[in-house]
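Just so it is clear, the structure is predicted and the values come from calculations on it, not from any experiment. Because only heavy atoms are used, hydrogens play no part in the values below, and waters and symmetry mates are left out as well, while side chains stay in.
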Amino acid sequence: ATATPVARLAAALDLAERRPHDARKRYEALIEQDPKAAPAAMLALAEISLNGGASVADVSAAIDRALEADRKDAGHWRAAIDLQRRLGDPAATLARAQAANLVLADEPSLMLELASAQLANGEQRQGLATLRRLVGMRPQWAEAQLRLAVAYGMAGEIAAAREPLQRALELAPQA
């Protein structure tokens, strides 16, 4: 288990020194040595592919492989959605966020990702509905309140934005 953080740090150093090939080798070795680390290492390989100019199809396939290795980890889904977003296809990002929410229903961080993807695709009603549901589930979560206020504002519903904005300020006055 201690080899995993060391391997990740070494790969990060390889990337910082602009040696993606070496980082790729380290992640591939990590996948072989530690099956529990495989999904995160596979996502790191997808990231290296994305930064190296691989095709959208290749990066998407790498993301898919990582998620197949562990579909129950919200952190992996968030990383996958972020990678998908960076590929520049809002519809594919929405599909990925919807898939995450099917697998891990009611996971707050994934609901935020879904709402963001819905809003980015011009689906204001769905995004607002997702955020309202999230705020109903987690009324003490300032970030959800703030995101709801912003979504209302983006939809031109300024009066509706006031309450969640005020609630967010009450919950996190220093933020």
Kindly compute the distance separating [atom1] ([X]) from [atom2] ([Y]), expressed to the nearest 0.5 Å.
X      : Y      : atom1 : atom2 : result
Glu107 : Met137 : CD    : CE    : 8.5 Å
Gln98  : Gln126 : CD    : CD    : 9.0 Å
Leu131 : Arg133 : CG    : CZ    : 11.5 Å
Ser49  : Leu43  : OG    : CG    : 11.0 Å
Asp22  : Leu13  : CG    : CG    : 11.5 Å
Arg19  : Arg24  : CZ    : CZ    : 15.0 Å

Would you say that more than 12 heavy atoms from the other residues, nucleotides or ligands in this model lie under 6.0 Å from the [atom1] of [X], or not?
X      : atom1 : result
Arg138 : CZ    : no
Glu163 : CD    : no
Glu32  : CD    : no

Any donor-acceptor N/O pair, Asn121 side chain to Glu123 backbone, under 3.5 Å: no
Side-chain (Gln145) to main-chain (Pro139) donor-acceptor, under 3.5 angstrom: yes
Closest non-hydrogen atom pair, [X] against [Y]:
X      : Y      : answer
Gln118 : Thr130 : OE1-OG1, 2.8 Å
Tyr152 : Ala160 : CD1-O, 3.5 Å
Pro20  : Ile48  : CB-CG2, 4.1 Å
Ala7   : Arg26  : O-CD, 4.2 Å
Pro39  : Ala69  : CG-CB, 3.7 Å
Arg8   : Tyr27  : O-OH, 4.1 Å

Taking C-beta and beyond as the side chain, do [X] and [Y] meet within less than 4.5 Å on heavy atoms?
X      : Y      : value
Leu45  : Ile31  : yes
Asn101 : Glu113 : no
Leu112 : Trp141 : yes
Leu110 : Ile81  : yes
Leu165 : Leu146 : yes

Evaluation steps, side chain to side chain contact (heavy atoms under 4.5 Å, CB included), between Leu94 and Leu114: CA-CA 7 Å; Leu94 176 58; Leu114 176 60; 3.9 Å; yes
Side chain to side chain contact (heavy atoms under 4.5 Å, CB included) assessment of Asp14 paired with His21: CA-CA 8 Å; Asp14 289 337; His21 179 73; over 6 Å; no
Check: Arg147/Ser116 side-chain N/O donor and acceptor closer than 3.5 Å: yes
Donor on one side chain, acceptor on other, Ser109 and Arg78, under 3.5 Å: yes
Is there a path of hydrophobic side-chain contacts, each under 4.5 Å between heavy atoms, that joins [X] and [Y]?
X      : Y      : answer
Met111 : Trp77  : no
Met154 : Leu148 : no
Leu30  : Leu9   : no

Salt bridge (charged side-chain N to carboxylate O under 4.0 Å, His left out) pairs, two or more places apart, involving residues 46-73: Glu47-Arg86, Asp64-Arg96
Cluster companions of Ile158 among Ile, Leu, Val, Met, Phe, Trp, Tyr (side-chain spacing under 4.5 Å): none
